[in-house]
Amino acid sequence: MKVLKFAAIDIGSNAVRLLFTNVIEDGKRPTFKKSSLVRIPVRLGEDAFTLGKITDRRIDKLVKTMTAFKHLMEVQEVVAYRACATSAMREASNSAEIVERVKRESGIAIEVIDGKQEAEIIYSNQIVEMLNDDKTYIYVDVGGGSTELTVFAKRQMETSRSFNIGTLRMLNKKVTKGHFDELKAWIKEQNLDTRETSVIGSGGNINKILKVSGKKDLQQLEFDELKEIHRFVSYYSVDERIKTLGMNPDRADVIVPAAEIFLKVMKWSGSKKVIIPTIGVSDGIVHQIYHEYKGR
């Protein structure tokens, strides 16, 4: 038996994550087992979506975070890693300078990926294994700056689209009715409400919503259950969510708009439930770099 350790860095609009995953090879099919996750709430999106660029203060935080991640990866002796940045870095006018500075000071090369590449990373998650042949699924990854939708039918990816609708954008009043009209129109074009469709939810917010629900065994929520949790959490102020519900400060404000996005997608697609497998972009990155490593 052989165990290989890989690392994935997901530089999102709300937080930066470092995921360590062990890949166990025993002559059969490789087994992917998450080892540990480090999450730092840098919130690049608060700058990118309001100012159009990322400020020096947040750049400094990102550089320090990436330098720390580099040390952790050296200690963990990873065989390969990949660092991907999404919506906030895509939009920041100074992203090229930031990528250059991070490379110079930490040694980590950041790839700024587009929505199509995000969808490909999601597809790398071996997500098809959890799908039924006779059902249709819409994979929904809600981030701080964008929401990625991918439609699967008969275990095949049919289509995908990225929308500039995210939790931090909503908090900063950067999402209009027109944005949601565009999302609704695209979902309706897929005729999902004429098929038996379920949502597969991805992202830290839907995982937290599942935790709030108290469900231990079944990793899914009915539409009405999600609606009730949204109502319950919305009842509390952000401060009360931190103090009374025990949420982290950078989760307490974005969880409500995230629930709103999921509810809209479920309503417009006719989905009665959201399945929450607790996988995300980081997991997909690990699958990609493992296969690249084996290819080499």
Review point. Of the non-hydrogen atoms in Ile289 and Ala80, which two are nearest, and what is the gap between them?
Key: CD1-O, 3.9 Å

Mark yes or no for whether [X], through its side chain, and [Y], through its backbone, hold a donor-acceptor pair below 3.5 Å.
X      : Y      : answer
His287 : Gly284 : no
Tyr137 : Asn132 : yes
Arg241 : Ala252 : yes
Gln76  : Met73  : no
Arg39  : Gly204 : no
Arg169 : Val175 : no
Lys188 : Trp268 : yes
Lys215 : Gln220 : yes
Asn172 : Lys174 : no

Review point. Should side-chain heavy atoms under 4.5 Å link Ile, Leu, Val, Met, Phe, Trp and Tyr, which residues sit in the same cluster as Leu171?
Key: Phe49, Leu168, Val254

Check your understanding: Is there side-chain contact between Glu118 and Arg90, with heavy atoms separated by less than 4.5 Å?
Key -> yes

Review point. Any idea how Tyr290 and Phe6 line up, ring-wise: parallel (<30°), tilted (30 to 60°), or perpendicular (>60°)?
Key: perpendicular

Exercise for review: Report whether Leu19 and Ile108 are members of the same hydrophobic cluster (ILVMFWY, side-chain heavy atoms less than 4.5 Å apart, transitive linking).
Suggested key: no

Practice item. Give the cluster check for Val151 versus Leu183: same hydrophobic cluster or not, with ILVMFWY residues linked at side-chain heavy-atom distances below 4.5 Å. Key: yes

Exercise for review: Using the six-membered ring of Phe180, assess whether NZ or CZ of Lys264 lies under 6.0 Å from its centre and within 45 degrees of the ring axis.
Suggested key: yes

Practice item. Would you mind telling me which of Val140, Ile138, Val199 makes a side chain to side chain contact (heavy atoms under 4.5 Å, CB included) with Val274? Key: Val199

Review point. Do other residues, nucleotides or ligands put more than 12 heavy atoms under 6.0 Å from the NZ atom of Lys53?
Key: no

Review point. Taking atom types as modelled and ignoring hydrogens, do the side chains of Glu148 and Thr150 form a donor-acceptor contact shorter than 3.5 angstrom?
Key: no

Review point. Going by atom types alone, do Asp47 and Thr55 pair a side-chain donor with an acceptor below 3.5 Å?
Key: yes

